[in-house]
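Worksheet for the structure shown next.
Residue indices begin at 1 and follow the sequence shown. Just follow the structure's listing: the first ligand is 1, and inside any ligand the first atom is 1. What you are looking at is a predicted structure, and each value in this text was computed from that prediction instead of being measured.
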Amino acid sequence: MLNRQGRPTEAGESSEALAGTFTGNRALIIEEPLIFEIGRPEVSGVDLPEAPKVGHRLGALERRRPVGLPGLAEPEAMRHYVRLSQKNFGIDSGMFPLGSCTMKHNPRLNEKMARLPGFADLHPLQPRATVQGALKLMDMLAQALLELTGMEAVALSPKAGAHGELCGMMAIKAALAARGEGHRSTVLVPNSAHGTNPATAALIGFHVASVPARPDGTLDPRDVADHLNADVAAIMLTNPNTCGLFERDVVRIAEAVHEAGALFYADGANFNAIVGKVRPGDLGVDAMHINLHKTFSTPHGGGGPGAGPVVLSKALAPFAPVPFLRRDGERLALVEHTAEAGAAQPFGRMASFHGQMGMFVRALAYILSHGGDGLRQASEDAVLSANYLKAALADVMSVSFPNRPAMHEVLFDDEWLKDSGVTTLDVAKALIDEGFHPMTVYFPLVVRGAMLIEPTESESKASLDLFIATLRDIALSIRAGETARFAGAPYFAPRRRLDETRAARSPVLRWVKPAAE
Ligand SMILES: *Cc1c(COP(=O)(O)O)cnc(C)c1O
């Protein structure tokens, strides 16, 4: 039995209850096999002349079987990739409220600028005299990031937030070694931290000590002080933190950390909430990465390329990695080698070249087109959107820290699902059926069944209202005991609920040609 929305009405009647189609297609959403399953090596989209017979010099290394590349005619290739693209969901197709990720609009102006041939066609080994414009752009971006953060220097080359963390922590390690305190081996990390923080510290040989948050979700400077001693190298702190709360005692924490001879690494992934409102340098930060793909609207890009420039305080600036920009009269140059660094003591290098040029162009286009007032407004609107969701859902879902204002994201736990048989994962899957990318689930780990929602400043009020109405409808369904809506969700996605553990633990990454019949 299907109800009027096409969902099964009773638990247990799952996919079979949905009428299938003869073709497996759903309306004009077309099933698409792998290209290896449909391609034939003898087919090609172009009519090439017969290749001349040439002798080869491969000896016994000559390939014995054809490579087996799938061939498609041009219209087949076109349909294959267009159908795949229609299965993709991105920020351009709908709301993407992933908390901790800042999935905001990527303005088309940025894309247009990044495609200018003068930037897009550069080669990193071009002579310096031919890339003065690109170096100028990097310098302008660097100056803007320094102005927004109130810091002393910036390393542009790291290629993601996590890579930036590594860069900042390596600068901290180098600074400690330079002052004869290389023995400091402990890094303090709050228990709500993103997994990359302890992973970064551990990767370069630090011992990680976890600092618990107080019941209101923020760090107590006294708890930090209890953990500080002559062995502590640094604290890694996210502000606003991963519960979406501003660490209001951050200045006292920074002072205590510095008094103990340690340094303050700030995870800047949540910078979108505070740009133009507060400068991390004024809070006592020594190093912070900036995810250009979160705060400055460059695309997350399906795993890359990202960009994670790191801003550094006066104490750390001399240890910034090569390459860095240096003004040479009228001209700009990249200092590529430690030997040319003069008084500076670069700890090394993070990337073969200078970083992600295309992302620098996009980020600077975003910064210049917004201006200082526009950037501040974006932060304010992001925070307003999150608090609007919080206020509109607080009576039906359980807000984890109801008494603290949310910053750019709002954290719910699964208290509202208690005894319903519905889990956080079920709610996320039901949202897919309703046309929303799920929120971040089960992170941060400090609350049970976390649902972290970050609407960003890019959503209109109408779009926020539809999302709120959808979650309220979900909450009503749960209260009415309509568990079938959740048990098999998503019902309408091209692929149904996956065994995510198996997919992560034993992924099948290779197509194997079926044995000939
Ligand atoms: C996204 C994120 C990171 C890592 O950044 P990547 O660019 O994904 O490597 C680190 N910390 C926090 C809090 C984040 O949200």
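In terms of the side chain to side chain donor-acceptor pair (under 3.5 Å) criterion, residue partners of N291 (sequence neighbours excluded) are, by chain and number, H289.
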Can I get a per-line list of side-chain donor-acceptor pairs under 3.5 Å for residues 359-368, giving both atom names and the distance, sequence neighbours left out?
residue : atom : partner : partner atom : Å
R362    : NE   : E111    : OE1          : 3.2
R362    : NE   : E111    : OE2          : 3.0
R362    : NH1  : G358    : O            : 3.1
R362    : NH2  : E111    : OE1          : 3.0
Y366    : OH   : K104    : NZ           : 2.9

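Listed by first then second residue, pairs satisfying salt bridge (Lys or Arg N to Asp or Glu O under 4.0 Å) with a partner in residues 375-388 read K277-E380, not counting sequence neighbours.
Donor-acceptor pairing under 3.5 Å is recorded for the side chains of E454 and T102. Using a 3.5 Å distance cut-off with no hydrogens or angles, the side chains of E165 and T200 do pair a donor with an acceptor. For the residue pair D414 / Y442, no side-chain donor-acceptor distance below 3.5 Å is found, with atom types taken as modelled.
Closer than 4.0 angstrom to ligand 1 lie heavy atoms from S100, A160, G161, A162, E165, H194, T196, D267, A269, N291, H293, K294.
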